[in-house]
**Student:** 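Sending over a structure as structure tokens; questions will come in a sec.
Side-chain atoms are counted along with the backbone in the values below, which use heavy atoms only and exclude waters and symmetry mates.
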Amino acid sequence: MAAESWIRCWGWGRRCPARPGLPGPGPGPTTPLLILLLLGPVAADITDGNSEHLKREHSLIKPYQGVGSSSMPLWDFQGSTILTSQYVRLTPDERSKEGSIWNHQPCFLKDWEMHVHFKVHGAGKKNLHGDGIALWYTRDRLMPGPVFGSKDNFHGLAIFLDTYPNDETMERVFPYISVMVNNGSLSYDHSKDGRWTELAGCTADFRNRDHDTFLAVRYSRGRLTVMTDLEDKNEWKNCIDITGVRLPTGYYFGASAGTGDLSDNHDIISMKLFQLMVEHTPDEENIDWTKIEPSVNFLKSPKAQDQFLKIESTSRLLVKMAA
């Protein structure tokens, strides 16, 4: 079924017309990114999603009006990106290509949900293709670089749809989706597939599918949820669910892709942003959300706290053994 006719249904179940919504919001006070990597998945509440609204100024929908147009500059693109009537191709199936597309307007919504209809496909056989797509909500836009066609040491949120395992010593199956939050101090390590800066991730078989593939990203009151629909069942599957994430308003949505010695077609068919109508406390309403530093509070996740204690204990043991 066409992506434009589907949005998220109630709870964790099917996608259906006219009802967006992912699992409900959670709390999220801020702390520095000192222990960013220790956050783990948490349990989810359910919301009925009755009050979400499509924000067209932040959405990329066929026939792609306002893309690269001086009269309606809603989206800008650069690099190898080409625009067709059916898709936006970030890179062709050719070596050493980089492309991106970025929303021209900053987003000032505190709570939002993005649905992405995408396609990654090419002639390469198993592990002979790359590199993947990155979805962004960042301070800077239209800045090419080494991280899936965009800049490193970014400020904001990135969701990586990685198709090539650079580090085969890691126990993970590709394609792989991961999340990173950065305040500009962290660098994405391609040689380790971003393992040391990853908040959470999941294996997701989205390449060379003969049906539509979708991803949903929801951010509300410090809770970040990523879900996929890759099996042609019109159902969302949980991928990532973490709390304690702090993101400012006023950043930009975008998508980028890159190829190296290996390549793929990386296509975006649509990006739809929904506003989530969420009640905030008076104290939260008085915050200047544009001044928030991107960060993660691992203490909001009991599993992550346990993981931190285990790592700390193991580190002390290794120090004693070395002595």
Side-chain angles (χ1 to χ4, degrees), residues 31-42 120 126-138 145-207 215 217 224-228 237-245 247 255-262 264 266 294-301 303-315 317-319:
T31 57
L33 281 174
L34 180 62
I35 36 187
L36 180 67
L37 311 179
L38 302 178
L39 191 64
V42 295
V120 179
K126 181 175 175 61
N127 289 345
L128 293 176
H129 48 79
D131 285 318
I133 293 175
L135 303 173
W136 304 96
Y137 175 68
T138 56
V147 184
F148 298 90
S150 195
K151 68 167 291 186
D152 200 358
N153 298 99
F154 59 91
H155 287 73
L157 168 70
I159 298 98
F160 301 119
L161 287 70
D162 196 349
T163 57
Y164 181 75
N166 291 285
D167 185 1
E168 296 184 356
T169 65
M170 293 292 181
E171 295 182 0
R172 60 171 59 168
V173 178
F174 281 72
Y176 189 83
I177 298 174
S178 64
V179 165
M180 178 178 174
V181 171
N182 200 352
N183 63 2
S185 66
L186 302 175
S187 179
Y188 180 86
D189 186 353
H190 263 293
S191 67
K192 298 295 182 183
D193 300 310
R195 182 68 181 92
W196 309 123
T197 50
E198 173 193 325
L199 287 174
C202 74
T203 295
D205 186 13
F206 55 76
R207 183 180 181 271
L215 180 140
V217 183
L224 181 68
T225 308
V226 178
M227 302 185 73
T228 61
K237 180 180 179 181
N238 186 36
C239 175
I240 295 165
D241 189 2
I242 52 180
T243 58
V245 178
L247 297 173
S256 68
T259 66
D261 292 334
L262 303 174
D264 256 337
H266 298 98
S295 60
V296 179
N297 180 4
F298 89 106
L299 294 175
K300 298 306 297 181
S301 170
K303 282 189 177 181
Q305 189 173 15
D306 291 342
Q307 183 182 0
F308 172 71
L309 294 174
K310 288 177 183 177
I311 293 174
E312 186 179 41
S313 176
T314 302
S315 298
L317 179 60
L318 291 174
V319 169

**Student:** Judged by atom type as modelled, is there a donor-acceptor pair below 3.5 Å linking the side chain of D264 to the main-chain atoms of H266?
**Tutor:** no
**Student:** Tell me, with the steps shown, if L161 and V120 meet side-chain contact (heavy atoms from CB on, under 4.5 Å).
**Tutor:** CA-CA 10 Å; L161 287 70; V120 179; 5.8 Å; no
**Student:** Between L135 and A255, what is the shortest heavy-atom contact and its length?
**Tutor:** CD2-CB, 3.8 Å
**Student:** If you look at every heavy atom in F148 and I133, which pair is closest and at what distance?
**Tutor:** CD2-N, 4.1 Å
**Student:** Yes or no on side-chain hydrogen bond (donor to acceptor under 3.5 Å, both in side chains) for E198 and Y188, after CA distance, side-chain angles and deciding distance?
**Tutor:** CA-CA 9 Å; E198 173 193 325; Y188 180 86; over 6 Å; no
**Student:** Side chains of T163 and Y176: closer than 4.5 Å at any heavy-atom pair?
**Tutor:** no
**Student:** Show the nearest heavy-atom pair for residues F154 and G156, with the distance to one decimal.
**Tutor:** CE1-O, 3.5 Å
**Student:** Which atoms form the tightest heavy-atom contact between I177 and I240, and what is the distance?
**Tutor:** O-CD1, 4.2 Å
**Student:** Look at the side chain of N183 and the backbone N and O of P294, then say whether any donor-acceptor pair between them is shorter than 3.5 Å.
**Tutor:** no
**Student:** Provide the closest heavy-atom pair for D189 versus S191 in the form atom of the first, atom of the second, distance.
**Tutor:** OD1-OG, 2.5 Å
**Student:** With sequence neighbours left out, write down each residue that passes salt bridge (charged side-chain N to carboxylate O under 4.0 Å, His left out) with D152, or none if nothing qualifies.
**Tutor:** none
**Student:** Take L186 and M180 through the side-chain contact (heavy atoms from CB on, under 4.5 Å) test and state the conclusion after the steps.
**Tutor:** CA-CA 10 Å; L186 302 175; M180 178 178 174; 3.8 Å; yes
**Student:** Applying salt bridge (charged side-chain N to carboxylate O under 4.0 Å, His left out), name anything that partners D205, two or more places apart in sequence or on another chain.
**Tutor:** R209
**Student:** Nearest heavy-atom pair of K192 and D167: which atoms, and what distance?
**Tutor:** CD-OD2, 3.1 Å
**Student:** For V226 and V179: C-alpha separation, side-chain torsions, deciding distance, then whether side-chain contact (heavy atoms from CB on, under 4.5 Å) applies.
**Tutor:** CA-CA 9 Å; V226 178; V179 165; 4.0 Å; yes
**Student:** Ring pair (Phe, Tyr, Trp, His ring centres under 6.0 Å) with H155: which residues, sequence neighbours excluded?
**Tutor:** none
**Student:** Hey, what do you get for CG (N182) to OG (S187), rounding to the nearest 0.5 Å?
**Tutor:** 8.5 Å
**Student:** Show me the pairs that pass salt bridge (charged side-chain N to carboxylate O under 4.0 Å, His left out) and involve residues 176-187, at least two apart or across chains.
**Tutor:** none
**Student:** Can you pull the side-chain hydrogen bond (donor to acceptor under 3.5 Å, both in side chains) pairs that have at least one residue in residues 129-138, sequence neighbours excluded?
**Tutor:** H129-R207, W136-S256
**Student:** Show your reasoning for whether side-chain contact (heavy atoms from CB on, under 4.5 Å) applies to F174 and D193.
**Tutor:** CA-CA 11 Å; F174 281 72; D193 300 310; 3.7 Å; yes
**Student:** Applying ring pair (Phe, Tyr, Trp, His ring centres under 6.0 Å), can you list everything that pairs with Y164, at least two apart in sequence or on another chain?
**Tutor:** none
